[in-house]
2 protein chains.
Amino acid sequence: MTDAHESLDEVDRLVAAWRTERPDLDVEPLQVLSRVSRLAKHLDRARRAAFAEHDLEPWEFDVLTALRRAGKPYELSPGALLRATLVTSGTMTNRIDRLAQAGLVRRRPDPEDRRGVLVTLTDTGLQRVDSAFSGLLRREHDLLAGLDEPHQRALAALLRTLLAPFDAGSSN
Amino acid sequence: MTDAHESLDEVDRLVAAWRTERPDLDVEPLQVLSRVSRLAKHLDRARRAAFAEHDLEPWEFDVLTALRRAGKPYELSPGALLRATLVTSGTMTNRIDRLAQAGLVRRRPDPEDRRGVLVTLTDTGLQRVDSAFSGLLRREHDLLAGLDEPHQRALAALLRTLLAPFDAGSSN
DNA sequence: GTCTACTGTCTTGACATCGAGATACATATC
DNA sequence: GATATGTATCTCGATGTCAAGACAGTAGAC
């Protein structure tokens with residue numbers, strides 16, 4: 001599993017620079033965590049490009065997929081949506097407003113709880129998210145082309161371990 | 001240590017939901033890439049908390065560390081800084097303005113190129129970034145506690161492979 | 001029933017970011 | 001040495017996010 005001695009990347013250079021400047025510190029954690037951050041930043045850009053073809057912003061996609069995953073009738077409360085997308089309530093209100101204005105979701109009062117609201121995917125929203133999602137998967141598949149399946153599984157397992165404390169702890 | 005086969009995490013649930021809703025699609029890429037995105041989001045929050053102790057915002061830290069890594073005299077051009085931090089030029093101008101106002105960096109004209117500017121770390125800036133950095137490393141070390149060293153190295157190698165096409169290609 | 005504490009959603013103001021374009025200077029070509 | 005192209009930085013307007021707090025409604029304890 002430990003080949004990959006190939007070319008040094010940006011993070012290798014960054015770590016080397018730190019070793020020169022602060023030889024007193026153990027900068028090994030950066031080898032993992034800097035790469036996670038940088039990769040996420042690049043992924044955001046790739047996603048943005050993928051969605052542009054379907055006239056969707058990443059934030060729109062995030063909300064619509066949460067609804068899509070919920071299954072029929074594609075309906076969730078704002079609270080459930082913000083927990084699914086890791087944003088604050090103010091942000092979610094704003095997102096729902098704009099999605100509703102774009103005709104991709106609809107708001108209706110929750111019949112069971114008069115404080116509550118339910119957000120539903122419209123037909124247009126459903127179509128848009130479905131086509132954007134297959135486009136995204138195609139691109140993401142390509143991004144992972146450098147790793148064969150066992151390596152992908154190993155990577156996923158390692159990431160799951162790192163993620164575990166967060167998923168367990170916070171709940172936002 | 002506990003092998004990671006046990007508890008399902010949020011991404012496992014997400015993947016399972018997609019399998020139910022879209023059994024026609026291969027959603028395996030999400031096992032890796034969703035975890036990268038989610039982990040990055042959690043890391044951002046952890047970093048924010050770590051820096052708050054030193055009165056620094058993450059974006060301030062990003063710029064200051066780039067200068068710190070450059071070594072004496074801790075000086076880089078705005079262009080070099082924006083390439084190091086993956087932000088746009090407008091953002092970098094704004095960041096430098098505010099860092100200069102906070103007394104953490106200084107701007108001076110580049111004597112070799114009259115279009116250019118050089119940004120230098122002040123003594124205050126140097127101290128702040130050094131203490132914030134050791135604080136960060138301590139926390140990041142803890143975040144990685146779930147993986148022993150060989151696993152960490154394996155994870156870093158796998159991430160390097162994914163990152164390679166980006167580091168090579170864009171250069172921003 | 002009536003407090004009290006909690007929950008779900010929305011409002012507001014501040015803020016960091018981006019993208020596009022403006023400006024000044026540098027470099028290459030002729 | 002004039003022109004054209006490229007590079008470095010900054011300006012400006014629009015946008016998405018957050019944090020804190022307001023408000024209406026719910027639920028538990030008594």
Side-chain angles (χ1 to χ4, degrees), chain A residues 37 40-42 44-49 51-52 55-64 66 75-102 105-120 170-172, chain B residues 37 40-42 44-49 51-52 55-64 75-102 104-120 170-172:
Chain A
S37 293
K41 212 150 188 169
H42 288 301
D44 273 353
R45 297 191 174 187
R47 284 169 24 114
R48 183 174 301 276
F51 298 148
D55 259 311
L56 280 179
E57 298 294 322
W59 64 262
E60 296 180 290
F61 183 81
D62 278 346
V63 178
L64 297 180
E75 189 163 70
L76 289 173
S77 70
L81 284 170
L82 69 88
R83 279 183 291 276
T85 53
L86 302 177
V87 300
T88 62
S89 66
T91 299
M92 188 49 68
T93 299
N94 187 16
R95 287 183 174 189
I96 296 167
D97 286 348
R98 284 173 289 157
L99 286 170
Q101 199 166 4
V105 306
R106 222 188 337 265
R107 241 196 275 244
R108 70 180 182 99
D110 183 340
E112 319 253 291
D113 183 339
R114 266 183 297 184
R115 292 168 303 182
V117 169
L118 292 174
V119 181
T120 317
S170 68
S171 88
N172 300 284
Chain B
S37 294
K41 212 150 189 172
H42 287 301
D44 273 352
R45 296 190 174 186
R47 282 168 26 111
R48 182 176 300 275
F51 298 148
D55 260 310
L56 281 179
E57 297 293 321
W59 63 263
E60 296 180 291
F61 182 81
D62 279 347
V63 177
L64 298 180
E75 189 163 68
L76 289 173
S77 70
L81 283 171
L82 69 89
R83 279 184 291 276
T85 53
L86 302 178
V87 300
T88 61
S89 65
T91 298
M92 189 48 70
T93 299
N94 187 16
R95 286 183 174 189
I96 295 167
D97 286 348
R98 284 172 289 155
L99 286 170
Q101 198 166 5
L104 303 178
V105 307
R106 223 187 335 266
R107 241 195 277 244
R108 71 181 182 99
D110 183 340
E112 318 254 289
D113 183 338
R114 264 182 300 181
R115 295 168 300 179
V117 169
L118 292 173
V119 180
T120 317
S170 66
S171 90
N172 300 287

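A, B, ... follow the sequence lines: proteins, then strands. Residue 1 opens every chain. When reading the values below, keep in mind they use all heavy atoms of this one structure, side chains included, and skip hydrogens, waters and symmetry mates.
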Show the nearest heavy-atom pair for residues [X] and [Y], with the distance to one decimal.
X: B:Trp59; Y: B:Leu99; answer: CZ3-CG, 3.9 Å
X: A:Glu75; Y: A:Thr120; answer: OE2-OG1, 2.6 Å
X: B:Met92; Y: B:Pro78; answer: CG-O, 3.8 Å

query = If you look at every strand shown and take non-hydrogen atoms under 4.0 Å, does B:Arg48 touch a base, only sugar-phosphate, or nothing?
reply = nothing

message = Using a 4.0 Å heavy-atom cut-off, does B:Gly90 contact any base of the nucleic acid, only the sugar-phosphate backbone, or nothing at all?
response = base

inquiry  = Working to the nearest 0.5 angstrom, can you tell me the gap between B:Leu86 CG and B:Thr91 OG1?
reply    = 11.5 Å

remark   = Taking for A:Thr88 and for A:Arg115 the nucleotide of DNA chain D with the nearest heavy atom, the one nearer the 5' end belongs to A:Thr88

In whole angstrom, what separates [X]'s [atom1] from [N]'s [atom2]?
X: A:Leu99; N: D:dG16; atom1: CG; atom2: C1'; answer: 13 Å
X: A:Asp97; N: D:dT15; atom1: CG; atom2: C1'; answer: 15 Å
X: B:Ile96; N: D:dA8; atom1: CD1; atom2: P; answer: 14 Å
X: A:Asn94; N: D:dT15; atom1: CG; atom2: C1'; answer: 9 Å
X: B:Leu82; N: C:dT17; atom1: CG; atom2: P; answer: 13 Å
X: B:Met92; N: D:dC10; atom1: CE; atom2: P; answer: 11 Å
X: B:Asp113; N: C:dA24; atom1: CG; atom2: C1'; answer: 10 Å
X: B:Leu86; N: C:dC18; atom1: CG; atom2: C1'; answer: 14 Å

Closest to side chain of [X], choosing from [options]:
X: B:Arg114; options: D:dT17, C:dA26, C:dT17; value: C:dA26
X: B:Thr93; options: C:dC15, D:dT17, D:dT11; value: D:dT11
X: B:Thr91; options: C:dT17, D:dT9, C:dT7; value: C:dT17

Please determine whether a side-chain nitrogen or oxygen atom of [X] lies at a distance below 4.0 Å from atom OP1 or OP2 of [N].
X: B:Arg95; N: C:dT17; value: yes
X: B:Arg45; N: D:dT17; value: no
X: A:Arg107; N: C:dC10; value: yes

message = Any N or O donor-acceptor pair under 3.5 Å from the base of D:dC10 to the side chain of B:Ser89?
response = yes

remark   = Paired with B:Ile96, the side-chain contact (heavy atoms from CB on, under 4.5 Å) test is passed by just one of B:Gln101, B:Arg107, B:Arg106, namely B:Arg107

request  = Please figure out whether A:Lys41 or A:Gly116 has its closest DNA chain C nucleotide nearer the 5' end.
outcome  = A:Gly116

